Every structure is written in C-alpha cells, then in structure tokens.
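Working notes, beginning with the structure itself.
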2 protein chains.
Amino acid sequence: MNIGDVARRTGLPAKTIRYYEDIGLVAPRRGANGYRSFGEAELHKLAFLGRARSLGFTIEDCRGLLELYEDKSRASADVKSIAREHLARIDAKISELTEMHRTLSHLVQECAGDGRPDCPILNDLAADAGSRDERTD
Amino acid sequence: MNIGDVARRTGLPAKTIRYYEDIGLVAPRRGANGYRSFGEAELHKLAFLGRARSLGFTIEDCRGLLELYEDKSRASADVKSIAREHLARIDAKISELTEMHRTLSHLVQECAGDGRPDCPILNDLAADAGSRDERTD
DNA sequence: TATAGACCTTCCACCAACTGGAAGGTCAAG
DNA sequence: CTTGACCTTCCAGTTGGTGGAAGGTCTATA
C-alpha cells in the first residue's frame, strides 16, 4: 500500500504519516522505486495513533501506548496510568479555560459594544491585579 | 527602570519582555550602557499584556487590544468583538476537551488496571471507527 | 512513443509563544 | 580588583505538524 491509500484509509494526512516515520512511530518498508510500502499492521498502528491523538494524548504518550499495545504481556495498569495522567491534564486545562470563560463572559456582558470608547474589558485588562476583584455588579 | 525591575513588577519573565519588544509590542528606550529603560507607560502596557495573555488572548489579539487601549477615540464595539471571538474559541476548546474527558474517563473506569494484559483502553484505541460506538455498559 | 497528470520522494522553512543557554559587557559592593 | 548580580545579543529547541519547491515515477491515453 502506498502512502496515499494509507492516508485515505486512516484519515491522517500523508504529511503526518511521513512525520510519524521521521520520529520513529512507524517504519514502513520501501519498494524498489523508493516509495513507502505499508502492510496491514502498519495501517493499524497508524489508525491507533490517529485515535490516540484525537483523544489528546501527546506524541510521547502515543509512543508508550503503542509499545504497550504491541507488548502482549503488558500490564493494563501501565496503560491506565498513562490515561489517568492524561485525564488529569485535561481536567487542569478545562478548569483553566472555564475560569477564563467565566471572567471573559462577565466582561463581555458588561461592555456596551457601541461607538463609545468606555469599555469594561479594557478597564479590567488595564487594572492592576489588586483592584481587579472588586465586584461592581 | 531596568528589565529586572519590570519583570518583578509585572510578573512577566525578562525573556518574555525582550520577546515582546522583538515582535513590536513594546519599545523601551535605551540607556547609554545599552540597557533597556522602561517608563511607567511601558510598565502598564506590559501588565496589560500579561493580563490579556492570562485570559488566553493570542499575541495578535493583544496587539489589537493594545492599539484600542491607546486609542482614546476607540469604539468599545471593536474591543467586544475581539473578546467575543476569543470567547467562542474558548467555548470550542472546552467542548473538545469535555468530549475527550467523557470518552477517556469512561475507558479508565472500565480498565482493571492490574497486572493482566487485557485493556479496554487499548481495545478502544485499536478498534476501527465503525465499531467504536457500540456501548458495552 | 510522447506527454499529461497524479502519484511519490526529500528537504527546508514556518506556525505560537516562548524558554534555555552560551558568550560576553556593566555595575555596585567590599 | 574581584565577585556576583545584572544586562546584552544570538542561536537553538519546544509541540505537532503544515506548506511548498524541486524533482523522480507511474499509468493512461493520443
């Protein structure tokens, strides 16, 4: 299978597949013409990578997961541990974004959004940290 | 004021302040020794940038916000529009992360996490997209 | 057989928003 | 006069790719 077929079947861009080879996640054979030649195993690995990436695992997580995936005597605890750490990162990110959202949606609500220059959003950004928590509503 | 003082007073790393100068967000004067020399206005701008960045605005957003901040005849609608677009990006990111969280926490719950190799997390990652939505619980 | 167009190859540069570190100049205190 | 805390510039690396140029290959059709 050429890279274009693999790209179509996994949904990954060909560029990304080449990149994954570059960083050692897959190692397709080469045909006489120099073209990459992928087998079913390679295809599955790439689909696995695509799915793991879509769940937000980092490339290094993926490397670990792939290794466990191929190790038939793995302990599921090792997989679970990677997943749990990733889950914690997701939690942290969601909290951070939720806090930003809270603050910003409040400010947006307060802003008239008309032709006048007065703007609570800019006021907040310009205020020093100390005076920021004074609730005005 | 030298860069170190500004760093202490704004909470921004000196490296970041130099970077902001590089990309044209601030333009401190220079002393005879070549050191950057910051005035109060520069300090305020940097604090403004730090606050905007902490709310997740991109550097280009910040550039726009800073311009509006300095333009005393601005329309608050322009500020609100930048903020609203950013809010939409935050919303999208939260949704994406929440979906990842949902899927992953479900899988983590299902995984025994012991010494045995059988692992629902790896099973999910390895499954093709078609067979993934079959609920097992 | 020529040629068009769809493949494939490598390599280099770029994105955001910094961060780390090396090599070297400056300044104040003891 | 030296020590140590500053400051300077410049280069490279981070994450996870993406875009594009220059060029080789394959297949179908005229």
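Below, read A as the first sequence line, B as the second, and so on, with proteins coming before strands; counting in each chain starts at 1. Predicted model only: the values in this text are computed from it and were never measured.
Between E96(B) atom CD and D91(B) atom CG the span is 12.5 Å, to the nearest 0.5 Å. The CG atom of L25(A) sits 11.0 Å away from the CD atom of E42(A) when rounded to the nearest 0.5 Å. Note that CD of Q109(A) and CG of L87(B) are 10.0 Å apart. Values are rounded to the nearest 0.5 Å. Atoms CG and CG, from L49(A) and L65(A) in turn, are 9.0 Å apart once rounded to the nearest 0.5 Å. How far CD1 of I23(A) is from CD1 of I59(A): 4.5 Å, rounded to the nearest 0.5 Å.
Near DNA chain C, defined here as any heavy-atom distance below 4.0 Å, there are no residues from residues 86-96 of chain B. Across residues 33-40 of chain B, N33(B), Y35(B) each have a non-hydrogen atom less than 4.0 Å from an atom of DNA chain C (numbered order). Interface residues of residues 44-60 of chain A facing DNA chain D, ordered by number: R53(A), T58(A), I59(A); criterion, heavy-atom separation under 4.0 Å.
Each end of the helix from dT1(C)-dA30(D) to dG30(C)-dC1(D) gets its own rotation axis from five pairs of C1' atoms, and the angle between them is 30° to the nearest 10 degrees.
Of the side-chain N and O atoms in R63(A), none sit less than 4.0 angstrom from OP1 or OP2 of dT15(D).
In this view, H86(A) and F57(A) satisfy the ring-ring contact (aromatic ring centres under 6.0 Å, His included) rule, not counting sequence neighbours. Contacts of Y69(A) classified as ring-ring contact (aromatic ring centres under 6.0 Å, His included), with partners at least two apart in sequence or in another chain: F48(A). With sequence neighbours excluded, the residues that form a side-chain hydrogen bond (donor to acceptor under 3.5 Å, both in side chains) with R51(B) are D124(A). In this view, R29(A) and S37(A) satisfy the side chain to side chain contact (heavy atoms under 4.5 Å, CB included) rule, not counting sequence neighbours.
The two atoms that bring M100(B) and I90(A) nearest to each other are CB-CD1, 3.9 Å, heavy atoms only.
Note on residues 63-83 of chain A: pairs passing salt bridge (charged side-chain N to carboxylate O under 4.0 Å, His left out), not counting sequence neighbours, are K45(A)-E70(A), E60(A)-R63(A). For residues 25-44 of chain B, the set of pairs meeting the ring-ring contact (aromatic ring centres under 6.0 Å, His included) definition, not counting sequence neighbours, is empty.
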Ignoring hydrogens and angles, write down the donor-acceptor pairs under 3.5 Å from the side chains of residues 6-18 of chain A, residues two or more places apart or on other chains.
| from | atom 1 | to | atom 2 | distance (Å) |
| --- | --- | --- | --- | --- |
| R8(A) | NH2 | D5(A) | OD1 | 3.4 |
| T10(A) | OG1 | V6(A) | O | 2.8 |
| T10(A) | OG1 | L12(A) | N | 3.1 |

Taking only N/O atoms, report every protein-nucleotides 18-20 of chain D pair under 3.5 Å with atom names and distance.
| from | atom 1 | to | atom 2 | distance (Å) |
| --- | --- | --- | --- | --- |
| dT18(D) | OP2 | T16(A) | OG1 | 2.6 |
| dG19(D) | N7 | K15(A) | NZ | 3.1 |
| dG19(D) | O6 | K15(A) | NZ | 2.9 |
| dG20(D) | O6 | K15(A) | NZ | 2.2 |

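Within 4.0 Å of I23(B), counting heavy atoms only, lies no atom of the nucleic acid at all.
At whole-Å resolution of the value, CG in D5(B) and C1' in dA5(D) are 12 Å apart. Atom-to-atom, CG of N2(B) to C1' of dA28(C) comes out at 13 Å; the value is rounded to the nearest Å. Atom CD1 in I3(A) sits roughly 12 Å away from atom C1' in dT10(C) (whole-Å rounding). Taking atom CZ of residue R18(A) and atom C1' of nucleotide dC8(C), one finds them 7 Å apart after rounding to whole Å. Rounded to whole Å, the distance from CG on D22(A) to P on dT10(C) is 9 Å. The CD1-P distance, from I17(B) to dT19(C), rounds to 11 Å in whole Å. dC7(C) atom P lies 6 Å from atom CZ of R8(A), rounded to whole Å.
Under 4.0 Å is where a charged nitrogen must lie from a carboxylate oxygen, and between R116(B) and D114(B) at least one such pair does. Between D61(A) and R89(A) there is a salt bridge, since at least one side-chain N of the basic residue sits less than 4.0 Å from a carboxylate O of the acidic one.
Side-chain contact between L43(B) and L46(B): absent, with no pair of heavy atoms (C-beta onward) separated by less than 4.5 Å.
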